[in-house]
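Structure first, commentary second.
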Amino acid sequence: MARGYLEVETPVLGRSGVADAQLAQFALSDPVYGSLYLQTSPEYAMKRLLASGSGSIFQITKAFRQGEVGRFHNPEFTLVEWYGVGYDHLHLIDEACALIARLAPSLMPEARLVSFRQAFRDRLGVDPIDDPTGLLRECAHACLPSTRELVLDDRDALLDLLMSQAVAPHFPTDAMTVITDYPASQAALARINSQGLADRFEIYCGALELANGFHEEANRDEYAARFAAEARKRHARGLPAIAQDERLLAALAQGDFPECAGCALGFDRVLMRALGAAHINDVLAFPIEQT
Amino acid sequence: MSTYSTNEFKNGLKIMLDSDPCSIIENEFVKPGKGQAFNRVRIRNLKTGRVVERTFKSGDTVEGADVVDVEMQYLYSDGEFWYFMSPETYEQLGADKTAVGDSAKWLKEQALCLVTLWNGVPLSVDPPVHVILKVADTDPGVRGDTSGGGGKPATLETGAVVRVPLFINVGDSLKVNTQTGEYIARAKE
């Protein structure tokens with residue numbers, strides 16, 4: 001990138017796993033190190049570089065996620081991930097949209113910014129931040145008949161369901177829609193802003209998520225608290241426990257983590273948009289079934 | 001009985017849904033990068049033929065349905081049941097009107113059919129895709145017309161009615177596609 005970003009390379013195989021309860025990591029067994037993990041994204045490693053003073057960095061790398069196979073998923077895929085030092089998420093939205101527009105010129109270059117709340121209000125007439133879970137559940141059962149038998153007691157799962165199946169499918173397919181201001185429960189590692197919402201964004205093209213980004217949280221204790229919350233979710237769901245990444249926490253503890261924003265872009269999906277491919281297999285030389 | 005996780009969902013998998021045997025005809029994996037994964041599945045109820053859409057949380061399990069497809073020879077019908085025999089075990093089974101349904105009009109003795117069994121009981125019967133059947137009734141043939149344009153209805157020996165070219169006569173053997181119900185050609189016998 002001609003924008004002052006340094007290209008870096010971080011390991012795809014590492015000793016620490018990802019905290020996120022929604023991601024299943026490939027765990028390998030090594031006679032020397034015991035469990036080793038294929039990385040679900042280069043986020044933790046790149047943040048250690050940022051904490052050690054790398055300045056703005058980017059990389060194009062492989063990432064791996066278990067159980068993710070479908071029209072838009074292959075267990076091994078390519079991420080473009082970058083962190084801009086001194087920037088907030090709004091600046092990174094501009095960069096990400098410019099990059100996507102350049103890679104997929106058939107898309108309209110102007111992106112539409114909509115808050116998470118407004119997107120739900122416009123489409124479903126409910127407030128995803130303030131409305132009670134029961135109301136959101138009624139809304140899901142009413143607008144998605146295929147979910148009527150589904151037990152939806154987890155608020156975030158309900159929001160994920162509504163966003164992916166009732167809201168996003170109505171986004172224009174020939175332009176980018178940027179969703180901002182996520183509920184705090186869906187902050188991942190984004191900062192919480194003064195409205196109590198997460199400074200996180202997702203870029204959609206139709207219902208397809210192309211990129212996700214944060215104004216990055218910098219506080220070590222906040223990371224530890226969010227890792228612990230994910231660990232509790234893992235425990236409650238009977239998922240394998242993942243030890244928190246102590247090296248990342250130690251790097252953050254030094255207090256030199258810069259003010260920055262980061263973005264991860266699903267390169268295969270952008271390629272799908274650019275080429276008009278209906279299936280991710282159409283942009284991979286050897287999709288998983290062919291390996 | 002076996003259970004299947006959504007991770008094992010694929011087209012053709014037979015599962016139980018609302019106490020009925022069903023077959024998966026489409027399975028879409030939907031997952032926000034940072035969120036809960038779902039499987040949006042189109043399912044055919046094998047008893048009623050109706051197609052419904054269901055959404056499952058990824059990782060949920062469902063009970064498998066003991067549904068198998070076996071090749072069986074059609075023997076005869078007594079009006080209430082249609083009897084089939086396995087060419088391997090010589091076992092005979094009767095399929096009722098609900099199971100045979102529209103396939104009845106294509107069934108000729110000895111035809112090898114695909115019989116779908118649920119817990120050993122016939123659930124549906126698929127005739128061979130191509131069958132050769134004699135014309136039982138049709139308007140007299142028009143000599144010299146081989147164009148195939150126009151056409152007329154012909155009732156076949158099994159009761160099916162298909163559109164045939166004008167030159168076809170009573171007693172002719174026809175090759176017919178049972179899936180589309182269309183005449184293909186005259187068959188030499």
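The chains referred to below are lettered A, B, ... by the order of the sequence lines, with proteins before strands, and numbering in each begins at 1. Both backbone and side-chain heavy atoms feed into the values below; hydrogens, waters and symmetry mates do not.
- More than 12 heavy atoms of other shown residues, nucleotides or ligands fall within 6.0 angstrom of atom CZ in A/Arg155.
- With respect to chain B, the highest number of heavy-atom pairs below 4.5 Å among A/Gly266, A/Gly67, A/Gly70, A/Ala264 belongs to A/Gly67.
- Put simply, of A/Arg71, A/Gln165, A/Met163, the one with the most heavy-atom pairs under 4.5 Å next to chain B is A/Gln165.
- Nearest approach of B/Lys31 to A/His73, heavy atoms of both residues: O-NE2, 3.5 Å.
- Note: A/Leu161 leads A/Asp156, A/Leu161, A/Asn212 in heavy-atom pairs under 4.5 Å with chain B.
- Annotation for A/Asp20 and B/Lys34: closest pair OD2-CD, 4.0 Å, computed over non-hydrogen atoms.
- Considering only heavy-atom pairs separated by less than 4.5 Å from chain B, the leading option among A/Arg65, A/Arg200, A/Glu202 is A/Arg200.
- At a 4.5 Å heavy-atom cutoff, the contact between A/Ala157 and chain B is made by backbone and side-chain atoms alike.
- How far OG1 of B/Thr55 is from CZ of A/Arg148: 11.5 Å, rounded to the nearest 0.5 Å.
- Most heavy-atom pairs under 4.5 Å with chain B, from the set A/Leu23, A/Leu159, A/Val69: that is A/Val69.
- Between B/Phe29 and A/Glu68, the closest side-chain pair of non-hydrogen atoms falls below 4.5 Å.
- Proximity to chain B (any heavy atom under 4.5 Å) is shown, for A/Leu158, by neither the backbone nor the side chain.
- Residue B/Arg50 places its CZ atom among 12 or fewer non-hydrogen atoms of other residues, nucleotides or ligands, all under 6.0 Å distant.
- Note that CZ of B/Arg42 and OG of A/Ser146 are 11.5 Å apart. Values are rounded to the nearest 0.5 Å.
- Looking at B/Asn27, there are no atoms closer than 4.5 Å to chain A (heavy atoms on both sides), in backbone or side chain.
- A distance of 6.0 Å separates CG in A/Leu150 from NZ in B/Lys57, rounded to the nearest 0.5 Å.
- Note: A/Thr147 OG1 to B/Phe38 CZ = 9.0 Å, rounded to the nearest 0.5 Å.
- You'll find the side chain of A/Phe72 stays beyond 4.5 Å of the side chain of B/Val30, heavy atoms only.
- Dense packing is recorded around CD of A/Glu289, with more than 12 heavy atoms of other residues, nucleotides or ligands lying under 6.0 Å away.
- In this structure, B/Glu109 places its CD atom where more than 12 heavy-atom neighbours from other residues, nucleotides or ligands lie under 6.0 Å away.
- A/Gln186 does not touch chain B: none of its heavy atoms, backbone or side chain, sits under 4.5 Å away.
- Residue contact with chain A, scored on non-hydrogen atoms closer than 4.5 Å, involves the side chain of B/Glu28 exclusively.
- The main-chain N or O of B/Gly33 is never found under 3.5 Å from a side-chain atom of A/Gln22 such that the two would form a donor-acceptor pair.
- Summarising the local packing, CZ of A/Arg123 is surrounded by 12 or fewer heavy atoms from other residues, nucleotides or ligands at distances under 6.0 Å.
- Closest of all the heavy-atom pairs between B/Pro32 and A/Asp160 is CG-CB, 3.9 Å.
- Heavy-atom contacts from other residues, nucleotides or ligands closer than 6.0 Å to NE2 of A/His235 number 12 or fewer.
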